[in-house]
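Written below as structure tokens is the structure these notes are about.
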Amino acid sequence: MTLSQPTAPASKVADFIALSRQIELLLTARNLRGMQQVQQQLRPGYILRAARLFNLPAGSTLLIGTGFPVLDTFETDGPVGAIALYQAAQALNLKPYLVCGKPLFSLLAQHYQCAELPVNQLQGRVAQARQLLQQLKPALVLSIERPGLSAAGIYVNMRGEDISARCASFDDLLNLAPCPTLAIGDGGNEIGMGNVQAALAGLNITPSITECDELVVADVSNWAAWGIIAMLSVLRGRDLLANANLLPLLQFLTANGCIDGVTRQSTLTEDGLPYQAGEQLIQQLQALVQPYISEPDNVAPD
């Protein structure tokens with residue numbers, strides 16, 4: 001249940017939607033994997049709507065699923081954004097959990113509140129999802145760069161390889177959640193992309209069929225997290241990007257075995273892009289939202 005919301009002037013709502021659109025276009029400006037095509041199927045304002053989902057009573061639980069297997073480890077894209085959203089949620093007095101499978105779970109659980117998903121347990125995934133939802137009672141379930149089930153009931157990476165044996169299943173936490181669900185992806189095979197099946201038909205990808213309430217697309221999934229946090233800054237009247245720590249997060253992850261999902265190398269990169277590209281994007285987001293950061297306004301648009 002969200003907080004009660006006062007009525008905002010139509011002009012302010014329009015300003016917020018326009019800002020949301022600016023952020024949405026910025027996040028897909030490079031069009032690395034066809035997300036501009038997917039974006040056309042989404043109703044404008046989805047960054048604003050995604051940020052509104054964090055408008056929850058203090059102490060509410062969020063489940064943030066992440067971790068895309070690459071070789072015998074995980075890629076850097078996803079965990080960075082998940083941790084950023086985790087930290088933003090904490091700053092808003094919410095109670096986030098990072099939800100993932102090993103080996104990523106073994107690393108993150110040393111530093112963050114986590115819930116573990118079993119790997120290669122497709123047959124038991126529905127019961128596992130029900131158990132976790134009942135145990136943690138989330139007010140929001142969020143997926144960032146997690147593989148989503150294909151129409152064949154398997155997980156497939158961007159190279160067309162079946163990676164099911166190395167995947168934990170997060171899909172049914174969204175399918176069964178009694179609360180809003182939010183998903184972030186950048187290629188078409190991630191959880192949430194079931195919302196845009198028609199737009200994915202022309203892409204060289206085995207698409208995910210798992211849906212969500214609100215989908216956010218970006219050139220790099222981590223970047224979508226920064227975009228949502230930027231919009232949250234406007235809604236809450238405080239700069240939640242002030243402590244954005246992209247490079248330290250990449251250093252932490254790569255020092256502990258995470259690799260670039262495109263190059264499969266242990267480098268300070270995201271999907272083949274140098275970390276400076278992500279830092280530049282954060283600076284652009286800060287420049288966009290800074291004029292708006294004044295008074296909190298928790299009014300959802302129509």
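Along the sequence shown, residues carry numbers from 1.
With values rounded to the nearest 0.5 angstrom, Gln36 atom CD is found 12.0 Å from Arg30 atom CZ. For the atom pair CD1 of Ile47 and CD of Glu214, the computed distance is 9.0 Å after rounding to the nearest 0.5 Å. Taken to the nearest 0.5 Å, the CG atom of Leu85 stands 5.5 Å off from the CD1 atom of Ile64.
Formation of a donor-acceptor pair under 3.5 Å by the Asp171 side chain with backbone atoms of Thr210 is not found in this model. Checked by atom type and distance alone, the side chain of Gln197 pairs as donor or acceptor with a backbone atom of Ser208 at under 3.5 Å. Remark: the backbone N or O of Thr73 is not paired with any side-chain donor or acceptor of Arg166 at under 3.5 angstrom. Between the side chain of Glu75 and the main chain of Val262, no donor-acceptor pair closer than 3.5 Å is present. The closest donor-acceptor contact from the side chain of Ser233 to the backbone of Leu240 lies under 3.5 Å. Side chain of Gln41 to backbone of Gln37: no donor-acceptor contact under 3.5 angstrom is found.
Val80 and Leu63 are members of different hydrophobic clusters when ILVMFWY side chains are connected at heavy-atom separations under 4.5 Å. Taking hydrophobic clusters as Ile, Leu, Val, Met, Phe, Trp and Tyr residues chained together by side-chain heavy-atom distances below 4.5 Å, Ile144 shares a cluster with Ile228.
In this structure, Phe74 has no ring-ring contact (aromatic ring centres under 6.0 Å, His included) partners at least two apart in sequence or on a different chain. Taking the salt bridge (Lys or Arg N to Asp or Glu O under 4.0 Å) definition, one finds that Asp77 meets it with nothing, sequence neighbours left out. Legend: residues meeting side-chain hydrogen bond (donor to acceptor under 3.5 Å, both in side chains) with Thr28, ordered by chain and number and at least two apart, are Gln39. For Thr267, the side-chain hydrogen bond (donor to acceptor under 3.5 Å, both in side chains) partners two or more places apart in sequence, or in a different chain, are Thr269. Remark: Lys102 engages Glu116 in a salt bridge (Lys or Arg N to Asp or Glu O under 4.0 Å) (not counting sequence neighbours). By the ring-ring contact (aromatic ring centres under 6.0 Å, His included) test, Tyr275 is found to be paired with no residue, residues two or more places apart in sequence or in another chain being considered. Partners of Arg21 by side-chain hydrogen bond (donor to acceptor under 3.5 Å, both in side chains), not counting sequence neighbours, listed by chain and number: Glu24.
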Q: Begin from the C-alpha positions of Leu132 and Phe170 and carry the test side-chain contact (heavy atoms from CB on, under 4.5 Å) through to its verdict.
A: CA-CA 11 Å; Leu132 195 57; Phe170 192 69; 5.8 Å; no
Q. What do the steps show when you test Leu19 against Asp15 for side-chain contact (heavy atoms from CB on, under 4.5 Å), and what is the final call?
A. CA-CA 6 Å; Leu19 174 61; Asp15 286 347; over 6 Å; no
(Q) Evaluate Ile23 against Val289 for side-chain contact (heavy atoms from CB on, under 4.5 Å), listing each step before the verdict. (A) CA-CA 9 Å; Ile23 294 173; Val289 303; 4.3 Å; yes
Q: Verify side-chain contact (heavy atoms from CB on, under 4.5 Å) between Leu136 and Val99, making sure each step is shown before the conclusion.
A: CA-CA 11 Å; Leu136 297 180; Val99 186; 5.6 Å; no
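For Gly272 against Asp260, the heavy-atom pair with the smallest separation is N-OD2, 2.7 Å. Taking every heavy atom of both residues into account, Leu140 and Leu56 meet most closely at CB-CD1, 4.2 Å. The two residues Ala224 and Val216 come nearest to each other via the heavy atoms CB-CG1, 3.7 Å. Closest heavy-atom contact between Pro79 and Thr66: N-OG1, 3.3 Å. Here the closest heavy-atom approach between residue Ala58 and residue Leu94 is recorded as CA-CD2, 4.5 Å. Taking every heavy atom of both residues into account, Gly101 and Val119 meet most closely at CA-CG2, 4.2 Å.
When hydrophobic residues (I, L, V, M, F, W, Y) are linked wherever their side-chain heavy atoms come within less than 4.5 Å, Leu25 remains an isolated member.
Residue pairs meeting the side-chain hydrogen bond (donor to acceptor under 3.5 Å, both in side chains) criterion with at least one partner in residues 131-141, sequence neighbours excluded, are absent. The ring-ring contact (aromatic ring centres under 6.0 Å, His included) pairs that include a residue from residues 222-255 are His111-Phe252, where partners are two or more places apart or lie in different chains. Listed by first and then second residue, the ring-ring contact (aromatic ring centres under 6.0 Å, His included) pairs involving residues 77-100 are Tyr86-Tyr112 (not counting sequence neighbours).
Ion pairing between Glu161 and Arg264 holds under the 4.0 Å rule for side-chain N and carboxylate O.
Residues Met158 and Ile205 have side chains in contact (heavy-atom distance under 4.5 Å, counting atoms from C-beta outward). Taking 4.5 Å as the limit, every side-chain heavy atom of Gln276 sits out of range of all side-chain heavy atoms of Gln280. Between Leu235 and Leu48, the closest side-chain pair of non-hydrogen atoms falls below 4.5 Å.
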Acceptor/donor pairs from residues 175-195 side chains to any protein atom, 3.5 angstrom cut, sequence neighbours excluded:
| from | atom 1 | to | atom 2 | distance (Å) |
| --- | --- | --- | --- | --- |
| Asn175 | ND2 | Asp172 | OD1 | 3.1 |
| Thr181 | OG1 | Asp213 | N | 2.9 |
| Thr181 | OG1 | Asp213 | OD2 | 3.3 |
| Asp186 | OD1 | Arg33 | NH1 | 3.2 |
| Asp186 | OD2 | Ser221 | N | 3.2 |
| Asp186 | OD2 | Ser221 | OG | 3.4 |
| Asn189 | ND2 | Val156 | O | 3.0 |
| Glu190 | OE1 | Gly187 | N | 3.2 |
| Glu190 | OE1 | Gly188 | N | 2.9 |
| Glu190 | OE2 | Asp186 | N | 3.3 |
| Glu190 | OE2 | Gly187 | N | 3.0 |
| Asn195 | OD1 | Cys212 | N | 3.0 |
| Asn195 | ND2 | Cys212 | O | 2.9 |

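Using modelled atom types and a 3.5 Å distance limit, the side chains of Tyr155 and Ser169 yield a donor-acceptor pair.
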